[in-house]
2 protein chains.
Amino acid sequence: MSRTHELRLIARIAQLYYGDGLKQAEISRLLHISQASISRLLARAQEEGIVRIAITAPRDTFPKTEAALRQRYGLEEAIVADCFEDREDAILSAIGAAAAHYFETTMADGEVIGISSWSASLLRMVDNIHPLKRVKAERVVQILGGIGNPSVQSHATQLTTRLAQLTGAEPMLLPAQGVAGSSAARLVMLGDSYVRATTDQFRRVTMALVGIGALQPSVMLANSGNSFTNEELQDLARRGAIGDVCLRFLDAEGRHVGGPLDERVMGMSLPELAAVPRVVAVAGGERKARPCTARCSAASSTCWSSTASPPSA
Amino acid sequence: MSRTHELRLIARIAQLYYGDGLKQAEISRLLHISQASISRLLARAQEEGIVRIAITAPRDTFPKTEAALRQRYGLEEAIVADCFEDREDAILSAIGAAAAHYFETTMADGEVIGISSWSASLLRMVDNIHPLKRVKAERVVQILGGIGNPSVQSHATQLTTRLAQLTGAEPMLLPAQGVAGSSAARLVMLGDSYVRATTDQFRRVTMALVGIGALQPSVMLANSGNSFTNEELQDLARRGAIGDVCLRFLDAEGRHVGGPLDERVMGMSLPELAAVPRVVAVAGGERKARPCTARCSAASSTCWSSTASPPSA
DNA sequence: TCCCGCACTGAATAATTATTCACAGTAGAA
DNA sequence: TTCTACTGTGAATAATTATTCAGTGCGGGA
């Protein structure tokens, strides 16, 4: 019937538009049909299934997993990177590169970047960042104090400084230990004007970069000297904590596992973190799987994970 | 390396754009990438083959054949209609419907339509046209005289009148025989003021509807009484004529086969026809295949054909 | 080292496309 | 028949997308 003729016309238009790359106005002239009708018929071409658009995922890319992560944890964006070996270092490479690409691609002019220390992933990410040419961050703020051991302390400092260099920003260091000996000691540190200058920037942070720590097999915590006593760690574990972000511990549901420890940590608090427009969490490896769950459940924006084996659909 | 990350990003954007129907501006906000970059990355998505657009021809539709016709004969548009039986009448139905759809879909407001008589296809087309609602033609001009036999003469008149009604236009009849007895007789007819009024409109014709006649097994010519003598027809054939448009005969290459006959035909001449912005030729059936070749080679804009069997690729 | 020329970016803007609007026509209900 | 709701149209316009432009960095040849 006339249906055939109409479909023929639609297909013809679709061919001219998608196939031959003509503008709607050109088709309009050629076929003596108004541009508005061409536009409407092209819309129908999709409905009728005459044109179909197929998107094929590039190799080593996992859109389904990413979508599942976004969906499940309400993330604005999730990026999954693949890794062919199960070595810790290979995994760090993979997420470092992925995170760096995201960062470079995504950082806007004039951002105030908050960066947590104590994270091998962040270290790797920064290692992989090329100097930003186009845009400059306003400043890079260290949002977690360093570590007791001075040599590791300087690691944290370097992380912040390095990122500031790369982004052309002013570094704002947090010249204090990440974990004070006591609540009182922390208050004393807060009296320091440099410390205050930095913590005052917390509210201005526009993008926070954080790692996700595992409570159980934790390299960082092990290296932290005796910031935390074994007793404290066991207490945390007993109360369900499985990981941390900025040394704020979380249970499997992403609930904050508080306690006296919180009073000793010199860094951004969870509510402060939640107030940051964009929180970028970087983590990888099987060790981090459960903590990721926790962290994601909380309030983040972005998250990387990298597994040694191809993730399941 | 970074290629993977870039492709991942492109695929992500493509999914958001084509799959989820987001605007580029929304994606821009979501992914923290400028709209200009989104646009550019979407373009790359096509180049990289991440998005592919497939156009599937509806059933009973022959885009390849149509393209070949357009290509080969330089037509602006070609429409092929299918027909399941080989009966003459079924073929006429098919092209009538197709041509009517084209006409309805395509006629603009205020056109001056020229219509040839002597064509069963045009008859059928007009039969299939629904009254035009939206637009009105200015006038419908008969561009070929009627036929000797008065009853058939009135056919031509009705064709023109009918189309004028359907398009809300003023009919301009050509009250004269299509083939005068002699060159002199034609000149006499041209003296008639009604005839002149109509022929004066020829130059204003904006869309000409013509059939394509076959010289050899010609129903119309047979019915024409003795407008042409057998001798004349044989002479035409000898000189290579295989078909006609508006009783202007053409050879297999589309060249005009002139002669004294031309001086007796009361209708639009080939040069006049060529000057019309849009010439729509309607023909179908195997009988018309060779004449189509001729006609197409000439100078037309549009052409239908309908074959009983599915056309080859 | 200094200078092209190329490549790439975001903002501004041009170009293109989708939608609104006003108006008919049509079908179905009253 | 008359009304109303709905459909479909092109012109005008709003919205969206592509491109230009100006600026910057990089690479490599002089």
Side-chain angles (χ1 to χ4, degrees), chain A residues 2-3 5-7 9-10 13-48 51 53 101-111 129-138 165-169, chain B residues 2-3 5-7 9-10 13-14 16-48 51 53 101-111 129-138 165-168:
Chain A
S2 188
R3 179 114 228 272
H5 300 129
E6 186 168 35
L7 292 182
L9 178 61
I10 291 175
I13 291 170
Q15 175 59 38
L16 289 169
Y17 189 73
Y18 294 108
D20 305 343
L22 298 200
K23 313 291 181 210
Q24 293 186 3
E26 299 177 296
I27 300 174
S28 167
R29 251 168 278 137
L30 186 63
L31 264 36
H32 304 272
I33 297 174
S34 76
Q35 179 269 320
S37 293
I38 300 287
S39 174
R40 290 190 264 245
L41 289 171
L42 280 169
R44 283 202 46 204
Q46 308 236 24
E47 296 165 18
E48 301 278 3
V51 312
I53 298 180
H101 180 265
Y102 173 79
F103 181 85
E104 289 177 18
T105 264
T106 256
M107 198 204 74
D109 209 275
E111 298 228 41
I129 292 174
H130 304 292
L132 268 337
K133 16 202 158 191
R134 213 130 299 288
V135 297
K136 301 221 169 306
E138 183 184 326
Q165 279 181 329
L166 290 168
T167 56
Chain B
S2 190
R3 178 116 231 272
H5 301 129
E6 186 168 34
L7 291 182
L9 178 61
I10 290 174
I13 291 170
L16 288 169
Y17 189 74
Y18 293 109
D20 305 343
L22 299 199
K23 312 291 181 209
Q24 294 186 2
E26 299 176 296
I27 299 173
S28 167
R29 250 169 279 139
L30 186 63
L31 263 36
H32 304 272
I33 296 175
S34 75
Q35 179 269 319
S37 293
I38 300 287
S39 174
R40 289 191 265 245
L41 289 171
L42 280 170
R44 281 200 49 203
Q46 308 237 22
E47 295 164 19
E48 302 278 4
V51 312
I53 298 181
H101 181 265
Y102 173 80
F103 182 85
E104 289 176 18
T105 266
T106 254
M107 198 204 75
D109 209 276
E111 297 227 43
I129 292 174
H130 304 292
L132 269 330
K133 17 201 156 195
R134 210 130 300 287
V135 297
K136 301 226 169 300
E138 183 184 324
Q165 280 182 330
L166 292 168
T167 57

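Please read all numbers here as calculations on a predicted model, not as lab measurements. So that the names make sense, note that chain A is the first sequence line, chain B the second, and so on, each numbered from 1.
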Calculate the interatomic distance between B/Arg29 atom CZ and D/dT17 atom P; express it in whole Å. 11 Å
Between C/dT17 atom P and A/Leu22 atom CG, what is the distance in whole Å? 10 Å
Any salt bridge between A/Glu48 and A/Arg3, counting N to O under 4.0 Å? yes
Tightest non-hydrogen contact, residues A/His130 and A/Leu166, listed as C-CD2, 4.2 Å
Looking at every non-hydrogen atom in both residues, tell me the closest pair between B/Gln24 and B/Ser39 and how far apart they are. OE1-CB, 3.4 Å
With nearest nucleotides of DNA chain D determined for B/Thr105 and B/Lys23 from heavy-atom distances, which residue corresponds to the more 5′ nucleotide? B/Thr105
Where do B/Leu132 and B/Val135 come nearest, in terms of heavy atoms and distance? CB-O, 3.7 Å
So does B/Gln24 get a side-chain nitrogen or oxygen closer than 4.0 Å to the phosphate oxygens (OP1/OP2) of D/dA15? no
Rounded to whole Å, the CZ-P distance (B/Arg44 to D/dT17) equals 20 Å
Is any side-chain N or O of B/Ser39 closer than 4.0 Å to OP1 or OP2 of D/dA18? yes
Between A/Ile33 and B/Arg40, name the one whose nearest nucleotide on DNA chain D is closer to the 5' end. A/Ile33
From CG of B/Leu132 over to P of D/dG8, roughly how many Å is that when rounded to an integer? 17 Å
Rounded to the nearest Å, what distance is computed from the CD1 atom of residue A/Ile13 to the P atom of nucleotide C/dT16? 18 Å
Which whole-number value in Å describes the distance from A/Leu41 CG to C/dT17 P? 14 Å
It should be established whether A/Ser37 places a side-chain nitrogen or oxygen under 4.0 Å from OP1 or OP2 of nucleotide D/dG8. no
Could you give the CG-to-C1' distance, from B/Leu42 to D/dT19, as a whole number of Å? 15 Å
Rounded off to whole Å, could you give me the CG-to-P distance for the B/Asp109 and D/dA11 pair? 8 Å
5'-most contact on DNA chain C: B/Gln35 or A/Gln35, nearest heavy atom basis? B/Gln35
Could you tell me whether the side chain of A/Thr105 reaches within less than 4.5 Å of the side chain of B/Leu31, counting heavy atoms only? no
